[in-house]
Amino acid sequence: NAGVTQTPKFQVLKTGQSMTLQCAQDMNHNSMYWYRQDPGMGLRLIYYSASEGTTDKGEVPNGYNVSRLNKREFSLRLESAAPSQTSVYFCASSERTGTRYSNQPQHFGDGTRLSIL
Amino acid sequence: AQTVTQSQPEMSVQEAETVTLSCTYDTSENNYYLFWYKQPPSRQMILVIRQEAYKQQNATENRFSVNFQKAAKSFSLKISDSQLGDTAMYFCAFMRYNNNDMRFGAGTRLTVKP
């Protein structure tokens, strides 16, 4: 059972370089998310996609763009990487969220450790 | 904005004993969801337990249970019969009803000692 798959697992970039983090889920979930995790802090939501064809900003969207390519895939792009974006990035998916009778937990990938020099 | 506070950066417990992790949150909403996630050294985020605010009964999952105090905006996690495999970071999380933006606390690092 693959669940949520993130690629790559590790990446080092130079300041100003661009990079796309890939995420795919095989659970037929409608909603997908991108988080970042910094030392001493919990996960912070960057962007999410409630359903195919829609994307919305989360708590910390600046410096990022996303694409919901299809129901399975949700990518995160750094157009011009900055050292402040050094972090561990998590992708997650859920069947549905936010409704009283069908809220489902989020399933997470293993994370991508990104370092920007 | 919703905030989630975990006031215990680190805790330890002896194997087979019970430990309680604290979480408080701030919201003006009446309907919402609360979660505890576990992150072992493997870094994967694993759902431990969840609670829906409209339910008065505290959620229980095997050795894990919560004490949900809605008026006090408190959501603590109790781990009974602690096992070495429970060693991990534990994150409390809040999500508003009908909203996909989940907010996490800073985490509590739990160490279970043999």
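Per chain, numbering begins at 1; letters A, B, ... match sequence-line order.
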TODO: Side-chain contact test, heavy atoms from C-beta onward, threshold under 4.5 Å: evaluate it for B:Arg43 versus A:Arg113 and give yes or no.
DONE: yes

List the atom pairs, donor and acceptor, that lie under 3.5 Å between side-chain atoms in residues 64-71 of chain B and the rest of the protein, sequence neighbours left out.
{"residue": "B:Asn67", "atom": "OD1", "partner": "B:Gln69", "partner atom": "NE2", "Å": "2.7"}
{"residue": "B:Lys70", "atom": "NZ", "partner": "B:Asn30", "partner atom": "O", "Å": "2.8"}
{"residue": "B:Lys70", "atom": "NZ", "partner": "B:Asn30", "partner atom": "OD1", "Å": "3.1"}

TODO: Look only at the side chain of A:Tyr48 and the backbone of B:Met102, and say whether a donor-acceptor pair between them is shorter than 3.5 Å.
DONE: no

Open item on the list: Sort by residue number and list every residue of residues 9-16 of chain A having at least one heavy atom under 4.5 Å from chain B.
Closed with: A:Lys9, A:Phe10

TODO: Check each atom of B:Tyr32 against the heavy atoms of chain A and say whether the ones under 4.5 Å are side chain, backbone, both or neither.
DONE: neither

Task: Within 6.0 Å of CZ in B:Arg109, more than 12 heavy atoms from elsewhere - done: no

- [ ] Write down the atom of B:Phe91, the atom of A:Met41, and the distance for their closest heavy-atom approach.
- [x] CE2-O, 4.0 Å

Task: Beyond-backbone contact of B:Gln39 with A:Gln37, side-chain heavy atoms, under 4.5 angstrom - done: yes

- [ ] Mark yes when over 12 heavy atoms from residues, nucleotides or ligands other than B:Lys78 sit less than 6.0 Å from its NZ; otherwise mark no.
- [x] no

Open item on the list: Distance check, rounded to the nearest 0.5 Å: B:Leu47 atom CG versus A:His107 atom NE2?
Closed with: 8.0 Å

Open item on the list: Could you see if B:Tyr33 belongs to whatever hydrophobic cluster contains A:Tyr35? Use Ile, Leu, Val, Met, Phe, Trp, Tyr and a side-chain cutoff under 4.5 Å.
Closed with: yes

Open item on the list: Is B:Gln6 in contact with chain A via its backbone, its side chain, both, or neither, using a 4.5 Å heavy-atom distance?
Closed with: neither

